Structures are given as structure tokens and as C-alpha cells.
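Take a look at the structure set out below.
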Amino acid sequence: MRFVEDKIKESGIVVSNNILKVDSFLNHQIDTEFAIRIGKEFADSVDDFTKVLTIETSGVAFALTTAMANGNVPIVFAKKSKSAIVDSLNCYHASIKSFTRDIVSDVTVNKKYLSNEDKVVIVDDFLAEGNAALGLISIARQAGATIVGVCAVVNKTFQGGEKKINDLGIKVVSGAKISSIDGGEIKFE
């Protein structure tokens, strides 16, 4: 998706050879027209789905626009924080390591919101090492749901996440594929 590459070139900031800062339009402040366009592209790129699965927080906007582009299907998001109103015995669980925060979170999805009747597309802002996507794949599989694809606005393919997901036989759709960030220069596939 050339428009995603153009947006990264215009507004992205290289922090290191592994980290790209895109908070001006993607994960702190969201460019709504951009988000709507991403959602349409994602929805058009995978088989029909009944639910969008994401993880709080940065993936929620793109999950919403993807769900809207597919006839307003429900969004389910894995919660990172514990809550007094969540019965953890009635939840699917996965431990997910955050690449940028270097912490492990136990994420949960209530069993009543995901089942073996669902066809799920997983949506997130970034795909790097694949930890978040693999955790969400685990949750969808615990529910017996069919996974129709994993969609990421920015895919840093050099960090191996896409390969891990493809090795599971799951389609990956990317807004932009970055093959390297070397010496401050972003290289796209």
C-alpha cells in the first residue's frame, strides 16, 4: 500500500535500527482518513470475517475501521490489565512480550466474545517479532475460531514476525513492509 509508505516517509522518525516512531499518525495521534483507508484495504484483503481481534490499545482504531469496512462486525480486544469485573476463569489467556516496552503482559479475552463459530481477522498497528500476533493467534485457537489473516499497518519484516505467522499457514497483510532501518534510512520491500 503505497500510501502507507508515503505517510511513513513524510512523518515517520527513525529512533534506532529497530524502532520507527509513527506516533503523529498511527499510535498516539491518529490520522482518521488514513485509518479509514487502512480499514478498507484490510477488509478487502482477507476472506470474509465475523470478528476483528486486536490487543489494547494501538490496534483498536485500525480494528474499528476494518470492522466498519466489513459491515460493522464486532471487535474483540485482548485486555492487558486485570480488572475486578473480569472472571479470569472464563477467559482465554496468552502471555505477550512487548517489543517496544520490553515487558510481558498476560492478556485475556472473555470466552463469551469468541467462539468456534467465528472467522477472525487479527489487526494491529505494528508487526515486528510477532509476539502480539502470535498471542492473539493462540487466543483465537483456544476459542476454536478460524483465523482468516493477520493485518498490520507497519510490518518490520527484518524482525521475523511475518515469517513466524506464515509458517503457521496464516496470511499476513501489511500496509507497509520495511525490510530494514539502517543508518536512519528506511527501506521498503
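Both backbone and side-chain heavy atoms feed into the values below; hydrogens, waters and symmetry mates do not. What you see is a predicted model; the values in this text were computed from it and never measured.
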Ile8 side chain near Phe25 side chain, heavy-atom distance below 4.5 Å: yes
Stepwise salt bridge (Lys or Arg N to Asp or Glu O under 4.0 Å) test for Lys171 and Asp47: CA-CA 10 Å; Lys171 177 181 183 175; Asp47 291 338; over 6 Å; no
4.5 Å side-chain heavy-atom contact, Phe49 and Val120: no
Any side-chain heavy-atom pair of Thr66 and Asn70 under 4.5 Å: no
Check against side-chain contact (heavy atoms from CB on, under 4.5 Å), Arg141 and Leu168: CA-CA 12 Å; Arg141 286 185 168 170; Leu168 296 173; 4.1 Å; yes
Side-chain donor-acceptor contact under 3.5 Å, Glu117 with Thr50: no
Chi angles and distances behind the side-chain contact (heavy atoms from CB on, under 4.5 Å) call for Gln159, Asn18: CA-CA 8 Å; Gln159 290 183 278; Asn18 288 325; 4.1 Å; yes
Side chain to side chain, Lys164 and Leu134, heavy atoms closer than 4.5 Å: yes
Ile137 side chain near Ile165 side chain, heavy-atom distance below 4.5 Å: yes
salt_bridge(Asp31, Lys7) N-O dist < 4.0 Å: yes
Asp102 side chain reached by Lys97 side chain, heavy atoms, under 4.5 Å: yes
Over 12 non-hydrogen atoms of neighbours within 6.0 angstrom of CE in Met68: no
Crowding at NZ, Lys9 (>12 non-hydrogen neighbours, <6.0 Å): yes
Glu5 side-chain N/O to Ala176 backbone N/O, donor-acceptor pair under 3.5 Å: no
Residues 51-61 side chain polar contacts: donor-acceptor under 3.5 Å, at least two apart:
| residue | atom | partner | partner atom | Å |
| --- | --- | --- | --- | --- |
| Lys51 | NZ | Tyr113 | O | 2.8 |
| Lys51 | NZ | Asp118 | OD2 | 3.3 |
| Thr54 | OG1 | Val123 | O | 2.6 |
| Glu56 | OE2 | Lys80 | N | 2.7 |

Audit row: Phe188, Lys177, side-chain contact (heavy atoms from CB on, under 4.5 Å) steps and yes/no: CA-CA 6 Å; Phe188 297 98; Lys177 286 185 165 193; over 6 Å; no
Note, Leu127 side chain near Glu162 side chain (heavy atom, < 4.5 Å): yes
Donor + acceptor pair across side chains of Ser45, Glu41 (<3.5 Å): no
Under 3.5 Å donor-acceptor, Thr108 side chain and His93 backbone: no
Pairwise side-chain contact, Leu20 with Val22, heavy-atom cut-off 4.5 Å (strictly under): yes
Full working for side-chain contact (heavy atoms from CB on, under 4.5 Å) between Phe126 and Asn155: CA-CA 6 Å; Phe126 269 90; Asn155 179 353; over 6 Å; no
